[in-house]
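Here the structure is a predicted model, which means the values were calculated and not measured.
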Amino acid sequence: MSRQFTLHFFAAVACALTLSACSTAPAVKSAPPPPSLDELMAKATQAASSGNNEAAMGLWKQAAVEFPADKNPWVRMAQTRYEAGQYGDAIINAQEVLVRDPADKLANSVIAISGLRLSTRALADLSRQNNLSGPLRTESQDLAKLLRESLGETVLVPAPAAAQVRDKPPVRSQRKGQSKTADSSANPFDGLK
């Protein structure tokens with residue numbers, strides 16, 4: 001009896017194995033394929049052109065994560081941050097561009113101009129607080145000299161023409177038929193005619 005029991009047991013196990021091998025796995029819904037770089041960039045550009053810069057930044061960040069070797073999402077983020085006056089963030093994004101393409105002129109320009117704008121702002125704040133003295137002043141002057149030499153200019157900000165000639169008051173002439181109380185919204189180029 002034990003032999004018959006063992007035989008039936010093995011037959012049942014073999015039958016169960018055979019039937020389980022034939023069963024099909026339940027259909028698993030596959031996730032849709034991730035969007036391509038071009039699709040993400042097009043959606044982000046559309047969002048930016050409609051004025052939704054935060055949505056555009058989110059899409060560019062997604063593109064940067066999904067396509068880490070491509071510089072284009074970083075270029076667009078740097079440009080958007082620069083145009084918004086967020087110069088620190090613009091510099092960070094432009095540096096990411098340079099990691100991917102060290103010769104990118106736009107990224108270098110964003111870094112240079114954003115850095116100058118931040119420096120100018122900080123120096124103006126220090127000047128207003130009367131804290132631009134000592135080594136900070138000397139270093140600022142050295143950097144201004146370096147900037148002048150790099151640009152090939154002897155003076156970075158020329159003095160206005162009106163400030164140069166102060167000994168003579170400006171001469172105003174009136175055209176015939178004009179009253180002394182000119183409209184403030186008048187064309188500023190009328191005096192050149």
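- Among residues two or more places apart in sequence or in another chain, the side-chain contact (heavy atoms from CB on, under 4.5 Å) test is passed with P35 by E39, L40, Q62, E66.
- Few gaps surround CD on Q95; more than 12 heavy atoms of other groups in view lie less than 6.0 Å from it.
- Residues passing the side-chain contact (heavy atoms from CB on, under 4.5 Å) test with A55 are A47, N52, sequence neighbours excluded.
- For the salt bridge (Lys or Arg N to Asp or Glu O under 4.0 Å) condition, the pairs that include at least one residue of residues 73-85, sequence neighbours left out, are E54-R81.
- Contact between A94 and I111 at its shortest, heavy atoms only, is CB-CG1, 3.5 Å.
- In this structure, the side-chain hydrogen bond (donor to acceptor under 3.5 Å, both in side chains) partners of K71, at least two apart in sequence or on a different chain, are D101, D104.
- Between atom CG of residue N93 and atom CG of residue L98 there is a gap of 11.5 Å, rounded to the nearest 0.5 Å.
- I113 CD1 to L118 CG: the interatomic distance, rounded to the nearest 0.5 Å, is 12.0 Å.
- Remark: N53 pairs with no residue by the side-chain hydrogen bond (donor to acceptor under 3.5 Å, both in side chains) rule, at least two apart or across chains.
- Inter-residue side-chain proximity for R100 and D70 is flagged as unmet; no heavy-atom pair is nearer than 4.5 Å.
- Between L37 and P73, the closest heavy-atom pair is CD1-CG, 4.1 Å.
- I91 and S114 make their closest contact through CG1-CB, 3.5 Å (heavy atoms, listed as atom of the first residue, atom of the second, distance).
- Among pairs with a residue in residues 107-124, none fulfils salt bridge (Lys or Arg N to Asp or Glu O under 4.0 Å), at least two apart in sequence or across chains.
- Contacts of D89 classified as side-chain hydrogen bond (donor to acceptor under 3.5 Å, both in side chains), with partners at least two apart in sequence or in another chain: none.
- Within the structure, the ring-ring contact (aromatic ring centres under 6.0 Å, His included) test picks out the following pairs touching residues 31-86 (sequence neighbours left out): Y82-Y87.
- In this structure, CE on M77 lies 10.5 Å from CG on N72, to the nearest 0.5 angstrom.
- D125 pairs by the side-chain hydrogen bond (donor to acceptor under 3.5 Å, both in side chains) definition with R128, not counting sequence neighbours.
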